[in-house]
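The structure appears below as structure tokens.
Basis for what follows: all heavy atoms, side chains included, without hydrogens, waters or symmetry-related copies. Whatever order the structure lists ligands and atoms in, that order sets their numbers, starting from 1.
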Amino acid sequence: MTASRVLVLNSGSSSLKYQLLDMADGARLAMGLVERIGEQSSRLVHTPLAGAGAARREQTAPIADHAAALKAVAAELAADGLGLDSPELAAVGHRVVHGGTRFTQPTVIDDEVLAEIRALVPLAPLHNPANVTGIEVARSMRPDIPQVAVFDTAFHATMPEYAARYAIDAETADRYAIRRYGFHGTSHAYVSRATAALLGKAPAEVNVIVLHLGNGASASAVRGGVCVDTSMGLTPLEGLVMGTRSGDLDPAVIFHLARVGGMSVDQIDDLLNKRSGLLGMCGDNDMREILRRAGEGDAAAVTAFETYVHRLKKYIGAYTAVLGRVDAVAFTAGVGENAAPVREAAVQGLAELGLAIDAGLNSVRSDEPRLVSPDYARVAVAVVPTDEELEIARQSYALVTR
Ligand code: AMP
């Protein structure tokens, strides 16, 4: 029997998301989430997906740290006959947010790699420490199988220098590793490829603008399967309007808040990352709520929605210019997959760019990749559900079996 299962771990500062997949057939065997790690109100939700009668199980009991969380997950998996001690487990695939310029490919983790991921913490202080913890815990439980790091930044490493550079003093930029790295890379990789498949073409044959619109949001320009630009930069703060992040702004806003508003760097960081975007503009970061309020004529919700859509349109226009020829614009993630009004508004008025939407197709709800543009449109508009866990599992499995 060849080991063909991959456990995918996505460790956040107080959460652990996981999926167990069988790469022999791509089947998802189980998935779940541990939330509020380190608090009294920790919660584990486990959903076995294989076998008849499998039902979601939930437990609420304090879980002290990530080690305890992974032990609890292992116990749930074992109860379904999917224990982590199984010889069928081929690898553990870890989502790692920041790979810097060092990691541009999925990488088997050894002590040296782990030390380098740790060294990248200053570039991703909110994310990489949790990723490191997840790796350490999983390694201690299964030191005998490969642990693979799949980096959020990796897909964007192909950006040409002129897209990756900020126009600041080069020596300062290099000294502090300041450049545009981009994030959501596994999603942009997966969706750009799935969009090519939807068009019946090979990735190398198509140019795609991918709009990953979740609570975090980013756009990418993908030419022939290769990323040539993306909207997030040094950190996931740049670019589109997001649930709680501002996206693009004049950097002088920061100086102004410090000098005139008397705010500290940490306060401004908190403002721009956690209290801005849709939430900051109207008090809600959930697009469903914003659409409902906007429908009732709530002025703040209308302005938030319009600002969100305006920024999206600017990126569609910019990436059309970057790519020269666009075959498809693909919407993905929570908002992109579910919010038909956002798709409609983002494409409205862009007929000169070859973009149009079919209202009937756009209103259909489905979990399948699909086209929502009319046949006559020069550029296909697609809705392509993302699957970052499958992509991480695929990349991890390909690495350990090659
Ligand atoms: P994600 O980060 O990809 O899980 O996306 C989460 C976001 O998707 C939520 O904050 C909502 O704003 C949005 N979302 C999910 N479902 C819907 C829906 N049916 N309509 C509009 N927005 C949605």
With [X], which residues qualify under side-chain contact (heavy atoms from CB on, under 4.5 Å), at least two apart?
| X | value |
| --- | --- |
| Ala24 | Ser4, Asp22 |
| Gln59 | Leu44, Glu76 |
| Thr104 | Ala157 |

How many angstroms lie between atom CG of Asn338 and atom CZ of Phe331, to the nearest 0.5 angstrom? 13.0 Å
Inventory of protein N or O atoms under 3.5 Å from ligand 1 N or O:
from: ligand 1; atom 1: 2 (O); to: Asn215; atom 2: N; distance (Å): 2.9
from: ligand 1; atom 1: 3 (O); to: Gly334; atom 2: N; distance (Å): 2.9
from: ligand 1; atom 1: 8 (O); to: Val335; atom 2: N; distance (Å): 3.4
from: ligand 1; atom 1: 12 (O); to: Asp286; atom 2: OD1; distance (Å): 3.4
from: ligand 1; atom 1: 12 (O); to: Met287; atom 2: N; distance (Å): 2.7
from: ligand 1; atom 1: 16 (N); to: Arg288; atom 2: NH1; distance (Å): 3.4

Going by the side chain to side chain donor-acceptor pair (under 3.5 Å) test, name the single residue among Glu337, His212, His184 that passes it with Thr332. Glu337
Could you go step by step and tell me if Asp65 and Lys71 meet the salt bridge (Lys or Arg N to Asp or Glu O under 4.0 Å) rule? CA-CA 10 Å; Asp65 52 27; Lys71 284 211 181 75; over 6 Å; no
